[in-house]
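First the structure, in the form of structure tokens, and then the observations on it.
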Amino acid sequence: MENPLQLKCLNHISLVCRSVEKSVDFYQNILGFFPVKRPGSFNFSGAWLFNYDIGIHLLQSDNPDSMPKIGGINPKDNHISFQCESMALLEKKLKELNIEYVKSGVEEGGIRVDQLFFHDPNGYMIELCNCDILPVTPLPVDSIQSSCSLTNRNVRRQRQQEQQVQLQVQKIEHVVWRN
């Protein structure tokens with residue numbers, strides 16, 4: 001499947017908050033997002049933040065007391081993941097900030113990805129990882145249809161380029177063979 005909706009990228013995620021103020025503080029001072037202008041026509045409290053090519057829209061809950069209680073940290077729960085450079089530095093910083101976290105990891109082909117999971121003030125799970133060291137390996141053509149459209153397009157483009165290179169090599173070999 002191509003890109004039927006002509007999507008370009010992920011723009012933002014919206015999170016309903018117990019307290020927009022506490023959430024802004026967390027996303028700004030812990031995760032490094034910065035506030036951006038929010039349309040004034042909204043008739044509800046909230047804040048928009050941006051960084052790392054993604055927006056986070058914080059929406060004040062109409063009834064914060066009815067929001068689910070913050071449970072234990074479960075790496076298999078829904079979460080937002082951010083790639084980082086130094087897991088040791090992150091772990092040290094989370095300890096300094098007294099933020100409870102869980103360490104996890106995954107290994108594939110001798111490559112180890114380290115992960116740290118913790119909650120924001122609303123109970124949303126955040127993952128920090130060095131996931132960029134794990135190569136993105138395209139699945140066989142039959143499996144790709146369920147993958148991201150951008151990945152599909154990039155994989156197809158890469159395969160087309162490989163085929164073009166193979167054709168050029170064959171042409172050169174044919175010319176060399178004839179001579």
Side-chain angles (χ1 to χ4, degrees), residues 1-5 7-18 22-34 48-59 67-163 165:
M1 183 183 308
E2 193 57 28
N3 185 357
L5 299 179
L7 302 178
K8 297 190 304 185
C9 64
L10 180 63
N11 180 270
H12 72 272
I13 59 169
S14 290
L15 302 172
V16 176
C17 303
R18 288 179 170 80
K22 287 181 182 176
S23 298
V24 166
D25 181 62
F26 174 86
Y27 282 93
Q28 192 171 354
N29 295 316
I30 305 298
L31 295 181
F33 281 81
F34 56 90
W48 284 11
L49 304 167
F50 188 82
N51 204 352
Y52 318 110
D53 292 327
I54 188 167
I56 294 190
H57 295 184
L58 303 173
L59 314 172
M67 290 182 66
K69 301 294 181 217
I70 298 173
I73 299 171
N74 179 359
K76 294 190 290 184
D77 203 349
N78 295 326
H79 60 273
I80 307 166
S81 179
F82 296 94
Q83 292 183 167
C84 61
E85 296 194 24
S86 172
M87 295 301 292
L89 180 68
L90 285 174
E91 187 170 8
K92 179 181 176 200
K93 189 68 174 171
L94 291 176
K95 284 180 182 177
E96 288 173 8
L97 295 167
N98 291 319
I99 295 176
E100 181 184 351
Y101 63 92
V102 168
K103 288 175 73 167
S104 189
V106 64
E107 191 167 327
E108 178 69 27
I111 299 171
R112 176 157 174 87
V113 172
D114 295 308
Q115 304 162 294
L116 297 174
F117 292 89
F118 56 97
H119 287 130
D120 81 351
N122 307 290
Y124 297 114
M125 185 80 65
I126 306 291
E127 173 191 4
L128 303 177
C129 68
N130 58 346
C131 300
D132 56 333
I133 65 171
L134 191 63
V136 176
T137 306
L139 296 172
V141 177
D142 297 345
S143 303
I144 291 177
Q145 292 180 357
S146 64
S147 299
C148 176
S149 297
L150 179 59
T151 301
N152 288 341
R153 191 171 346 121
N154 289 341
V155 168
R156 277 194 218 98
R157 190 174 296 136
Q158 182 179 355
R159 287 189 178 149
Q160 287 172 344
Q161 289 172 345
E162 289 171 357
Q163 288 172 347
V165 168

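In what follows, every heavy atom counts, from backbone to side chain, and hydrogens, waters and symmetry copies are set aside.
Scanning all heavy atoms of the two residues, the minimum distance from F33 to N51 falls at CD2-N, 3.4 Å. Heavy atoms only, all atoms of each residue included: P121 and F26 are closest at CD-CG, 3.5 Å. What you find for I111 and P135 is that their closest heavy atoms are CD1-CD, 3.6 Å. The shortest non-hydrogen separation linking N29 to D25 is ND2-OD1, 2.5 Å. Taking all atoms of both residues into account, the shortest heavy-atom contact from Q115 to E127 is NE2-OE2, 2.9 Å. Listed here is the closest heavy atom pair of C84 and D132: O-OD1, 4.3 Å.
How far OG of S81 is from CG of L128: 7.5 Å, rounded to the nearest 0.5 Å. The distance from atom CG of L90 to atom NZ of K93, rounded to the nearest 0.5 Å, is 10.5 Å. Rounded to the nearest 0.5 Å, atoms CG (L94) and CD1 (I30) are 8.0 Å apart. The line from CG of L31 to CD1 of I126 is 5.5 Å long, rounded to the nearest 0.5 Å. To the nearest 0.5 Å, atom CG of residue L49 and atom CG of residue L58 are 5.0 Å apart.
Between C17 and V24, every side-chain heavy-atom pair lies at or beyond the 4.5 Å cut-off. You'll find the side chain of M125 reaches within 4.5 Å of the side chain of H119, heavy atoms only. Taking the side chain as every heavy atom from C-beta outward, I70 and R18 approach each other to under 4.5 Å. When side chains are defined from C-beta on, V16 counts as touching Y124, because their heavy atoms get closer than 4.5 Å. Counting only heavy atoms from C-beta outward, the side chains of L15 and Y27 approach each other to under 4.5 Å.
Counting only distance, with no hydrogens or angles, the side chain of R112 and the backbone of E107 share no donor-acceptor pair below 3.5 Å. Between the side chain of D114 and the main chain of G105, no donor-acceptor pair closer than 3.5 Å is present.
Atom CG of N78 sits in a sparse spot, with 12 or fewer heavy atoms from other residues, nucleotides or ligands closer than 6.0 Å. In this structure, E100 places its CD atom where only 12 or fewer heavy-atom neighbours from other residues, nucleotides or ligands lie under 6.0 Å away. The environment of CD in E108 is sparse: at most 12 heavy-atom neighbours from other residues, nucleotides or ligands sit within 6.0 Å.
Ring orientation note: the planes of W48 and H12 are close to parallel, at an angle under 30° on the 30°/60° scale. Aromatic ring pairs are classed by plane angle as parallel below 30°, tilted from 30° to 60° and perpendicular above 60°; the pair H79 and F117 is perpendicular. Taking the six-membered ring for Trp and thresholds of 30 and 60 degrees, F34 and F50 have ring planes more than 60 degrees apart, a perpendicular arrangement.
A side-chain donor-acceptor contact under 3.5 Å links Y101 and E91. For N122 and S23, the side-chain atoms include at least one donor-acceptor pair closer than 3.5 Å.
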